[in-house]
Each structure stands twice: as structure tokens, then as C-alpha cells.
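Comments concern the structure below.
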Amino acid sequence: REHDHATDASDPHIWLDFDNAMRMVDNIRDGLIRKDPAGREVYERNAQAYNEKLRDLDNRYRENLKGCRVRTIISGGHSAFSYLARRYGFDYVSVYGFSPDAEPTPGRLARVTRTLRATGSRHLFYEELIDPRVARTIASETGASLVRLHGAHNLTRDELERGETFIGLMNRNLERLKIGLECP
């Protein structure tokens with residue numbers, strides 16, 4: 001399989017595995033309780049409610065990503081989605097390592113192009129923070145369309161003003177994954 005386990009160690013996007021996101025919520029809850037024991041009930045209730053939303057999100061991902069024709073998330077960006085790929089049983093290949101500032105090597109470019117052709121994928125993912133110049137080049141060479149995913153690590157001023165949330169971003173990612181992975 002084409003999954004590059006080396007990218008997992010350098011991928012800090014641990015929250016894209018929703019079990020990790022729930023642990024993060026629990027750690028925040030526990031930290032708030034330590035600082036403000038009087039608010040314990042509120043923190044526990046809020047953490048429980050948010051973890052329910054994350055469990056629901058996880059269930060929707062599992063249900064909607066079953067039976068996808070393409071089983072490899074192929075990224076023209078940096079290694080941002082290895083946790084998500086692993087959680088839902090997909091292989092993952094990206095043109096960059098973790099650093100979005102480094103130029104991709106010719107070998108990585110060739111690997112992504114080969115993987116697109118080998119999987120028959122018609123879509124190449126890229127993330128919101130990187131100029132998709134390299135992804136556009138690969139897409140034009142392979143005939144793939146570009147599909148944007150959000151790593152949920154930064155929000156633009158517009159996203160903040162619109163009241164964007166992690167759950168909202170992940171719901172849009174799910175819809176885009178269904179398109180890019182050709183899910184029923």
C-alpha cells in the first residue's frame with residue numbers, strides 16, 4: 001500500500017482523529033476544573049456535550065466513507081491528514097513532508113503523480129493554508145480536479161467573523177472527502 005507511515009510522526013494534526021480530539025476536550029475540561037473547581041459542573045456538562053458532537057461526527061465519517069471507490073487520500077499539500085486517513089482506513093500520500101515552506105522533492109512529485117494514476121483518482125486534495133501552486137501543476141498534468149480540505153488549525157479573519165467552528169469545518173471536509181474519494 002502507498003501509505004507513508006513516516007509522515008505520521010511529523011503530522012501534528014492529531015485532532016483530525018476524533019478520539020484524539022475528545023481526549024483534548026477532556027484535558028481542557030480537567031485543566032479548567034483544576035483552575036476553577038467551582039465551575040466543575042459547567043465544564044463537565046460542556047465537555048460531555050462537545051464530545052457527543054465529536055462522536056456523532058466520527059459516526060458520520062465512518063458511515064459516509066464506507067465503500068469509497070478511491071482508498072487513498074492524495075494530497076498536493078503538506079502532510080496534514082495522516083491521522084484522518086488512518087482513522088478511516090485510507091492510505092495517505094502527500095507531495096510535501098510536514099513543512100509547507102519546503103519545496104517538494106522530484107521523488108515526492110513523481111510518487112503523487114504515480115499514485116493518482118494507479119488509483120484512478122480524478123481528484124487531488126490540498127489544504128487551506130498553502131498556495132496550491134504545486135497541486136495545480138500536478139492536477140494539470142494528470143487531469144485531476146482540486147478538492148480543498150481544512151486542517152482546522154487556523155482560521156482566517158473571515159472564518160472567525162462568520163463564527164466558523166471545528167464541527168462545521170469537519171462537516172465540509174466530509175462532503176469534500178466524499179467527492180474526492182468517490183464515495184456512494
Side-chain angles (χ1 to χ4, degrees), residues 1 3-68 71-75 77-102 125-130 147-181 183:
R1 295 178 81 149
H3 185 86
D4 182 359
H5 292 283
T7 62
D8 294 352
S10 64
D11 181 356
H13 303 82
I14 63 171
W15 53 87
L16 295 180
D17 176 324
F18 301 136
D19 271 350
N20 290 338
M22 285 184 260
R23 276 189 223 103
M24 293 169 83
V25 168
D26 292 344
N27 288 336
I28 292 167
R29 175 204 60 212
D30 294 347
L32 289 170
I33 290 170
R34 275 192 301 280
K35 289 291 187 186
D36 178 24
R40 177 185 213 69
E41 192 175 305
V42 170
Y43 302 135
E44 286 178 347
R45 186 174 52 244
N46 289 344
Q48 182 178 356
Y50 201 78
N51 279 339
E52 284 296 319
K53 289 179 183 181
L54 289 169
R55 273 189 283 284
D56 180 56
L57 185 65
D58 185 47
N59 289 334
R60 282 193 318 250
Y61 266 68
R62 286 192 190 288
E63 186 61 34
N64 283 277
L65 297 178
K66 288 191 302 195
C68 299
R71 300 301 305 169
T72 304
I73 296 174
I74 306 167
S75 174
H78 75 285
S79 294
F81 301 100
S82 64
Y83 283 94
L84 185 139
R86 184 176 47 238
R87 176 132 188 106
Y88 301 105
F90 292 95
D91 291 328
Y92 180 72
V93 175
S94 69
V95 73
Y96 292 91
F98 172 68
S99 174
D101 299 326
F125 294 101
Y126 71 99
E127 72 273 13
E128 81 289 354
L129 290 178
I130 292 184
V147 180
R148 183 174 164 262
L149 292 177
H150 203 296
H153 39 41
N154 288 305
L155 295 177
T156 65
R157 183 174 311 248
D158 288 343
E159 289 169 333
L160 281 171
E161 289 172 0
R162 286 193 315 264
E164 191 61 75
T165 67
F166 179 75
I167 300 294
L169 292 171
M170 293 303 103
N171 280 325
R172 269 187 297 297
N173 275 357
L174 176 57
E175 293 309 310
R176 291 170 179 164
L177 284 164
K178 287 167 48 179
I179 292 165
L181 299 171
C183 307

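With hydrogens and angles left out, the side-chain atoms of Asn171 and Tyr61 include no donor and acceptor closer than 3.5 Å. Remark: the Tyr43 side chain and the Asp36 side chain contain an N/O donor-acceptor pair separated by less than 3.5 Å. For the residue pair Asn20 / Arg23, a side-chain donor-acceptor distance below 3.5 Å is found, with atom types taken as modelled.
Summarising the geometry of Met24 relative to Trp15, their closest heavy-atom pair is SD-CB, 3.8 Å, with the distance given to 0.1 Å. For the residue pair Ser82 and Asp11, the shortest heavy atom distance occurs at OG-OD2, 2.7 Å. Across every non-hydrogen atom of Arg176 and Arg148, the tightest pair is CD-O, 2.8 Å. The two residues Met170 and Ala152 have their closest heavy-atom pair at CE-CB, 3.7 Å. Residue Arg71 comes nearest to Gly67 through the heavy atom pair NH1-N, 4.3 Å, listed as atom of the first residue, atom of the second, then distance. In terms of heavy atoms, Cys183 sits closest to Asn64 at CB-O, 3.6 Å.
Leu32 places none of its side-chain heavy atoms less than 4.5 Å from the side chain of Arg40. The closest side-chain heavy-atom distance from Met22 to Glu52 is not below 4.5 Å. Side-chain contact between Phe18 and Leu57: present, with at least one pair of heavy atoms (C-beta onward) separated by less than 4.5 Å. With a 4.5 Å cut-off on side-chain heavy atoms, His150 and Glu159 count as touching. Within the 4.5 Å cutoff, the side chain of Leu181 has heavy atoms near those of the Phe125 side chain. The shortest distance between side-chain heavy atoms of Ser75 and Glu127 falls below 4.5 Å. Side-chain contact between Arg60 and Leu174: present, with at least one pair of heavy atoms (C-beta onward) separated by less than 4.5 Å. Ile74 has its side chain out of reach of Tyr92: every pair of non-hydrogen atoms, C-beta onward, lies at least 4.5 Å apart.
Checked for salt-bridge contact, Asp58 and Arg62 meet the test: a charged N lies under 4.0 Å from a carboxylate O. Looking at Arg157 and Glu161, no side-chain N of the basic residue comes within less than 4.0 Å of a carboxylate O on the acidic one, giving no salt bridge.
Within a 6.0 Å sphere centred on CZ of Arg55, heavy atoms belonging to other residues, nucleotides or ligands number more than 12. The number of heavy atoms from other shown groups lying within 6.0 Å of NZ (Lys178) is above 12.
Of the inter-residue distances, the one linking Leu84 atom CG with Arg87 atom CZ reads 9.5 Å to the nearest 0.5 angstrom. Of the inter-residue distances, the one linking Thr72 atom OG1 with Asp91 atom CG reads 4.5 Å to the nearest 0.5 angstrom. Between the CG atom of Leu129 and the OG1 atom of Thr156 there is a distance of 9.5 Å, given to the nearest 0.5 Å. Atoms CZ and CZ, from Arg86 and Phe81 in turn, are 14.5 Å apart once rounded to the nearest 0.5 Å. To the nearest 0.5 Å, the span separating OH on Tyr88 from CD1 on Ile73 amounts to 10.5 Å. Of the inter-residue distances, the one linking Glu44 atom CD with Asp30 atom CG reads 8.5 Å to the nearest 0.5 angstrom.
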Show, in sequence, the C-alpha distance, side-chain angles and deciding distance for Asp56 and Lys53, and conclude whether the side-chain contact (heavy atoms from CB on, under 4.5 Å) test is met. CA-CA 5 Å; Asp56 180 56; Lys53 289 179 183 181; 5.6 Å; no

Assess whether side-chain contact (heavy atoms from CB on, under 4.5 Å) is satisfied between Glu128 and His153, documenting all intermediate values. CA-CA 10 Å; Glu128 81 289 354; His153 39 41; 3.0 Å; yes

Please list every donor-acceptor pair under 3.5 Å in which a side-chain atom of residues 162-169 meets a protein atom from a residue at least two apart or in another chain.
residue	atom	partner	partner atom	Å
Glu164	OE1	Arg172	NH2	2.3
Glu164	OE2	Arg172	NH2	2.5
Thr165	OG1	Gly168	N	2.9

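Under the rule for a ring-ring contact (aromatic ring centres under 6.0 Å, His included), Tyr50 has no partner lying at least two apart in sequence or in another chain.
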